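Predicted model only: the values in this text are computed from it and were never measured.
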Amino acid sequence: MAHQTLLEKIEQKTAVIGVIGLGYVGLPLAVEKAKAGYKVIGFDIQPRRVELVNNGTNYIGDVVDEDLKSLVQTGYLQATTDYSLIAKVDACAICVPTPLDRYQQPNISYVESSSKSIAEHLHPGMLIVLESTTYPGTTEEVVQPILEKTGLKVGKDFYLAYSPERVDPGNKIFNTKNTPKVVGGVTAECTKVAATLYRSVLEGEVHEVSSPKVAEMEKIFENTFRNINIGLANEMAILCNKMGIDIWEVIDAAKTKPYGFMAFYPGPGLGGHCIPIDPFYLTWKAREYNYHTRLIEVAGEINNEMPSFVVDRAMKILNRYGKALNGAKVLILGVAYKKDIDDYRESPVLPIIELLEKYQANFYVVDPHIPQFKIGNRIYKTDELTDELITEADLVLITTDHSAFDFQKIASQAKVIFDTRNALRDVKQIVADYEKL
Ligand code: SAJ
């Protein structure tokens, strides 16, 4: 049986592992598999990323620089743009982006192209695991047919499973190695082979489920759960503002309940490449079953409303000083979609900036993790934070609560602060005129 050979290779660590997509999911996974003693080939369409990996130069915050360097030097990890090397691979993980297109429809073109590349070099005894977050059905309705066009049969000649990535960029406690992993294979053998490989690499529990669909759905459920609860926190923030109640104090009080409550916090909107996007993979698939995922769509509307809610609040604050947004000096602290990371994909600060431009505000952006960023085709450079930028601002807008910001200093120098992240919660003395979301 082919899977016996593969299981033996996994147990003896002679299996060659492939990882397609060397981003914030794929590179940490490739490093963990190489650290476990497997020879790993990383595949990426970006030559720059391949060059960086092969030079032992790390570009992902959650990967330890030294680990990458030594794994490359010892030959356990290499990267390539040459997908024909998939022919050498015994087990291959697909870790490519699954964005939405401009019509909010799933774009699984990277999953399809990766599957086609694998199919060109598919050989008996190979395991393929899709890790990218996607709608339930992708593995069996999209990936499997592409692979079986080769004439090889899933469960007999090759093994196919889905195992969602669970990477929380910047999380100092949970990482690829220690976070529990869910695995669902097309057949029982597929599940067994995939689970055996993950158990030989990861420390966290490997939780087996009965099919790829269950694993695909549980991942989307995880992220939809976050999206909707953040939407609830944002709606409560809007209402509490109208009622003159401090939403942050309300949440701190609610979370004293030791059971049945989980704290989520309002913010300037919902960023990242997962939480704002994944639920709409489910919305799209649900239409096939003539079902309308109302809760997901309402949460999306509320979360998408937050950038304009923030700018409206800024307008009202400036108005108290007889200032229009037009011409006002606004200092924006943070463009990353959440604290202590350098990623601004889907960041809510981008629509906030577009609105400030529309109202002709005179704004400056500071983000110690992001030297420059793009909105559409326009490139924006961030500024160094100086005393002048703080003292001369008509309004300091805190949009990302990076640990690198000295909020005590900012609170003592700024005239007016609007804090969308409760970033000043631990600041003893706030001299400025201070307002929170
Ligand atoms: N946010 C809030 N209020 C909250 C929590 C988050 O406004 O209470 C905002 C954040 O500021 C950010 C967005 O939501 O803009 C997403 O935040 P996130 O913490 O979910 O961060 P991601 O998208 O980088 O990572 C998430 C993972 N995070 C957590 O579970 C904490 C996890 O859901 C997934 O493993 C990952 O997406 C993924 O790749 O699916």
### Query
Under the salt bridge (Lys or Arg N to Asp or Glu O under 4.0 Å) rule, what pairs show up with a residue in residues 65-86, not counting sequence neighbours?
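Qualifying pairs: K35-D67.
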Among residues at least two apart in sequence or on other chains, which ones pass side chain to side chain donor-acceptor pair (under 3.5 Å) with [X]?
{"X": "Q78", "answer": "none"}
{"X": "S113", "answer": "none"}
{"X": "D90", "answer": "K9"}
{"X": "T283", "answer": "T293"}

Partners of [X] by ring-ring contact (aromatic ring centres under 6.0 Å, His included), sequence neighbours excluded?
{"X": "Y281", "result": "none"}
{"X": "F261", "result": "none"}
{"X": "Y83", "result": "F43"}
{"X": "F225", "result": "F264"}

Side chain to side chain donor-acceptor pair (under 3.5 Å) contacts in which one or both residues fall within [range], not counting sequence neighbours:
{"range": "residues 119-131", "answer": "E131-K181, E131-Y198"}
{"range": "residues 294-304", "answer": "N227-N303, N234-N303"}
{"range": "residues 366-375", "answer": "D367-H402, Q372-K381"}

